[in-house]
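Note sheet for the following structure.
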2 protein chains.
Amino acid sequence: MAASPAPRYALGLDFGTESARALLVDLADGREVATAVHPYPHGVVDTVLPGADIRLEPDWALQDPDDYWACLEVIIPAVLQASGAAPEAVAGIGVDFTACTLVPAAADGAPLSRDPALRGQPHAWAKLWKHHGAQPEAERINALASERGEAFLQRYGGKTSSEWLLAKAWQFLDEAPELYARADRLIEAGDWLVWQLTGQESRSACQAGYKGMWSRADGYPSQDFLSALHPGLGGLVEEKLGTEVLPVGARAGELTKAAAARLGLRPGIPVGVSIIDAHAAVPAAGVSEPGKMLLILGTSGCHLVLGRDGKAFEGIAGVVQDGILPGFFGYEAGQPATGDILAWYTRHGVPAEYQQEAERRGVSVHQVLVERAAALRPGETGLLALDWWNGNRSVLMDADLSGVLIGLTLDTRPEDIYRALIEGTAFGTRKILENFTANGVAIDEIIAGGGLAERNELLMQVYADVTGRPLRIVRSGQACALGAAILGAVAAGSTGGGYDDLAEAVARMGGVKERAYTPNAQAHAVYSALYAEWDRLHDYFGRGENNVLKKLRSLRLPE
Amino acid sequence: MAASPAPRYALGLDFGTESARALLVDLADGREVATAVHPYPHGVVDTVLPGADIRLEPDWALQDPDDYWACLEVIIPAVLQASGAAPEAVAGIGVDFTACTLVPAAADGAPLSRDPALRGQPHAWAKLWKHHGAQPEAERINALASERGEAFLQRYGGKTSSEWLLAKAWQFLDEAPELYARADRLIEAGDWLVWQLTGQESRSACQAGYKGMWSRADGYPSQDFLSALHPGLGGLVEEKLGTEVLPVGARAGELTKAAAARLGLRPGIPVGVSIIDAHAAVPAAGVSEPGKMLLILGTSGCHLVLGRDGKAFEGIAGVVQDGILPGFFGYEAGQPATGDILAWYTRHGVPAEYQQEAERRGVSVHQVLVERAAALRPGETGLLALDWWNGNRSVLMDADLSGVLIGLTLDTRPEDIYRALIEGTAFGTRKILENFTANGVAIDEIIAGGGLAERNELLMQVYADVTGRPLRIVRSGQACALGAAILGAVAAGSTGGGYDDLAEAVARMGGVKERAYTPNAQAHAVYSALYAEWDRLHDYFGRGENNVLKKLRSLRLPE
């Protein structure tokens with residue numbers, strides 16, 4: 001018998017909204033050896049419940065937890081085969097997942113939706129992060145927490161969302177109390193998946209902290225508060241969540257024999273505590289200390305910063321001890337629309353001639369607009385935009401705000417508007433950055449990831465010029481999966497062929513691309529003048545001096 | 001020899017930007033018997049001077065006065081032939097014309113451009129109303145008039161334009177002093193045409209009052225003021241304009257034998273004093289007394305109201321005694337972009353699918369947008385627009401303002417924006433209306449004319465709902481020409497088969513269509529709430545509380 005090969009790889013498992021990805025990376029340098037993606041067999045269940053004649057309400061979004069496992073049985077063998085790696089060469093496994101995606105399960109981990117007797121009930125399925133059916137519950141949670149002065153509310157900028165665990169759990173209890181009672185466990189899908197791999201339940205500080213209102217110091221919201229919401233929620237923590245929460249970077253357990261057999265891996269591989277997908281990009285970006293902001297630019301914008309202290313201040317969407325990397329407080333802020341605004345504009349605001357040019361040249365409409373807009377100087381558009389097309393989640397934390405575009409003339413062209421929209425989102429990021437700085441969380445450099453950062457060079461340069469900070473791009477195009485793999489390498493530890501020190505793992509395996517977007521001093525000066533105007537309008541329309549945006553929203557509905 | 005037929009018709013001659021129109025109407029009831037249109041042979045000269053290798057600057061716009069006459073020789077015979085009317089059946093002729101369109105002429109009326117020795121010089125040609133080459137002169141005129149507290153400035157809302165006579169004359173003097181000296185007369189094209197018809201020069205109170213800074217009480221600006229602008233301008237009034245100014249509705253003279261022969265008409269037909277084209281629509285709309293606002297909706301908006309007193313107040317573009325109808329002060333206000341904003345939007349802001357639908361259905365893009373926008377309730381768009389795409393010419397009188405659009409969301413659709421733009425222009429008209437009312441010029445009803453009023457039913461209903469006034473549409477689709485014909489009928493007088501009393505002529509020959517757009521009380525209430533928000537933003541962005549729009553404009557230019 002040949003000797004087992006030395007462990008050389010870490011395996012990152014990345015669970016997104018539509019599909020799961022496996023990424024096999026080299027422990028030494030983070031080199032991506034093989035990757036495989038597979039869509040969830042049932043996709044996002046948001047119209048009709050599969051196998052049942054039940055139509056879902058429009059704000060629902062469910063998934064089948066067994067789809068997650070079904071994907072693993074495809075993608076893990078696929079990366080092993082593609083790389084030629086022996087199962088023994090995998091040192092550790094990490095998992096990132098959307099959140100809060102909430103699985104109702106039996107005590108043994110079996111999802112309720114697996115039970116044929118329950119499968120016809122929507123509440124038996126996993127509620128996906130973007131399930132928005134719990135809006136009334138979220139509003140009551142915010143109101144009561146605010147009324148009672150609950151301390152946890154401050155850690156989330158004064159407001160929690162219908163996407164979070166408590167609202168989803170309460171909707172479950174409200175609408176299907178008997179089934180709720182049968183759910184022994186309510187568990188984040190990331191934690192549930194780790195449970196399936198290791199055979200033991202664990203909870204991640206990342207999901208619990210950012211989506212479950214948990215903190216290292218205070219735990220979950222009190223039983224008193226939960227009972228005040230609804231008597232049936234009083235036992236939620238003890239009965240369905242559990243109180244032990246592990247820091248990101250810790251080992252959750254080892255791969256069971258059964259799981260190893262099904263996936264073609266070796267039993268006993270260490271598995272790391274799960275992390276939210278966006279947050280996994282932080283280690284992938286090479287960030288393991290304060291001073292750098294990870295800016296994930298996709299449909300929305302997400303800003304992640306490590307701090308040595310945990311301060312609750314206006315404008316942060318969450319601050320969680322050990323929530324991103326162990327030993328730090330992870331701060332999160334966000335813009336609820338970034339790429340979405342540009343997508344809205346290219347879909348609804350760009351005339352046929354631009355679309356025809358794009359078709360003729362075989363490029364995207366974005367590309368046509370980027371080229372034309374890149375030829376403009378800062379300030380040349382004459383336009384200024386408040387980027388609130390989907391509300392504000394920064395210092396104003398107000399979903400009822402809407403977008404503002406000023407300076408329009410008969411000479412305004414689509415590329416002017418496109419550039420102004422990019423600039424508007426960049427001003428929004430500058431506001432977030434300055435808010436961190438003003439509250440003692442310094443940021444010297446921005447590292448961007450996500451689709452927009454990869455594709456839109458104009459946007460990157462504008463962000464550098466507006467913020468006055470150099471911007472670099474996460475090296476990996478699969479940053480979430482790479483981040484998960486890094487956590488797998490740390491779970492393995494040096495004795496298992498990985499790393500004991502997370503900072504070392506990050507330095508070796510994560511990182512940025514060579515190209516940096518450097519702020520142009522002259523452009524920064526013009527943008528600073530524009531930002532002063534932007535900031536004044538931000539306060540005028542956003543802080544109650546003129547509530548016209550809210551009045552407009554209220555008039556949209558019939559009386 | 002058969003007896004001459006009794007005069008039955010009035011002839012209106014309407015000179016627009018691109019073409020001239022003749023309209024033969026029945027004296028008894030204004031019925032339109034025949035019409036003919038002919039484009040100016042040289043069109044609008046705005047790139048290269050015909051017959052010369054001279055390229056014009058981009059803000060220039062010239063015409064050949066001989067084109068006006070050339071058109072008459074086509075269109076007058078055409079309407080006589082089409083109607084079968086004998087030349088003797090024409091009782092009177094009226095003329096409306098763009099203004100200020102300024103013809104430099106010799107003492108005998110021959111335009112300088114007719115002289116082959118001068119034809120190669122741009123300044124020898126007529127400067128069309130939209131010639132904007134005199135912007136520096138206009139700015140110096142405004143500055144000096146303001147500095148000296150010249151009373152005339154108040155009659156024009158504190159500002160005069162580069163389109164006006166004095167600025168154009170001064171540019172002429174500045175740039176071609178020798179040619180300027182050879183121009184014995186500088187005369188509005190409408191007055192020049194009447195001169196060609198009657199053989200005697202006359203000046204209309206309409207053109208002189210609205211575009212020449214003349215008033216019945218004070219005459220033209222003083223020699224002292226003109227000399228202060230430029231010593232060479234001191235003699236402008238005495239030497240090139242003349243001081244006699246006739247009220248609209250008066251007879252300017254009778255058709256000469258020579259003119260009659262060339263046009264196929266009878267010599268001696270009375271010819272009325274000329275009027276500006278837009279203003280001619282007032283009698284055509286059946287308006288001959290205060291209380292009704294004529295709203296001309298084209299690329300821009302023009303608001304005309306008759307008053308018994310002449311007051312100078314903020315927000316009027318001009319007030320002229322006898323300038324529209326004799327015995328009244330004619331007030332003018334305006335919005336510098338109305339149809340232009342909608343045209344800008346359909347050209348630059350509407351996606352391919354809307355354009356494709358329009359093509360498939362064989363309708364305009366406007367029509368597709370109107371249908372979709374008409375299905376929305378007031379307030380449903382969630383949007384609010386300040387209609388300053390081309391500045392403001394109402395109470396703010398500020399060309400440096402620009403458009404504002406607020407309330408945008410990811411759900412905003414093109415029809416929302418289209419409707420919001422219509423509503424924004426309607427709010428602009430309401431502001432003008434309320435300004436008149438606040439200054440003692442009451443308005444009970446609005447009569448609309450122009451292309452937009454004819455074509456865009458949604459816009460008409462929105463204007464009725466926003467203003468709370470019933471809206472009717474000028475009956476004639478050729479209102480300017482009809483108004484000119486009415487003035488021809490009055491020039492003829494009752495002894496000539498026409499009318500002595502202008503009000504009677506207006507009542508018989510002018511009027512509105514049967515269909516009225518009645519304000520809906522509920523819609524008006526919603527729009528009043530929106531207008532209050534609009535008005536607040538109007539003052540915020542327009543009156544100096546936040547000068548961001550001007551700062552944005554200044555940043556458009558490179559430093």
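Convention: sequence-line order gives letters A, B, ...; per-chain numbering from 1.
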Checklist entry - Rounded to the nearest 0.5 Å, how far does CG of Leu537(A) lie from CD1 of Ile406(A)? => result 5.0 Å

Checklist entry - What is the distance from atom CG of Leu386(A) to atom NE2 of His538(A), rounded to the nearest 0.5 Å? => result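 If we round to the nearest 0.5 Å, Leu386(A):CG and His538(A):NE2 are 8.0 Å apart.
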
Is a donor from one side chain sitting under 3.5 angstrom from an acceptor on the other, for [X] and [Y]?
X         : Y         : result
Gln335(A) : Asp387(A) : yes
Thr429(B) : His303(B) : yes
Thr467(A) : Tyr527(A) : no
Glu371(A) : Gln367(A) : yes

Next on the checklist: Classify the ring geometry of Phe541(B) against Tyr540(A): parallel below 30°, tilted from 30° to 60°, perpendicular beyond 60°.
Outcome noted: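 It falls in the perpendicular class, over 60°.
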
Count the heavy-atom pairs under 4.5 Å between each of [options] and chain B, then report the option with the highest count.
options                         : value
Leu405(A), Val404(A), Leu410(A) : Leu410(A)
Val350(A), Thr346(A), Leu549(A) : Val350(A)
Arg553(A), Arg536(A), Gln355(A) : Arg536(A)

I need the residue from [options] with the largest number of non-hydrogen atom pairs under 4.5 Å to chain A.
options                                    : answer
Gly391(B), Gly382(B), Ala532(B), Ala529(B) : Gly382(B)
Ala343(B), Ala337(B), Gly379(B)            : Gly379(B)
Pro378(B), Gly403(B), Gly349(B)            : Gly403(B)

Checklist entry - Taking the side chain as C-beta and beyond, is there a heavy-atom pair between Asp416(A) and His348(B) under 4.5 Å? => result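 Heavy-atom side-chain distance check fails, nothing below 4.5 Å.
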
Side chain / backbone / both / neither for [X] at chain A, heavy atoms under 4.5 Å:
X         : answer
Leu383(B) : backbone
Ser554(B) : neither
Glu359(B) : neither
Tyr354(B) : neither
Trp389(B) : both

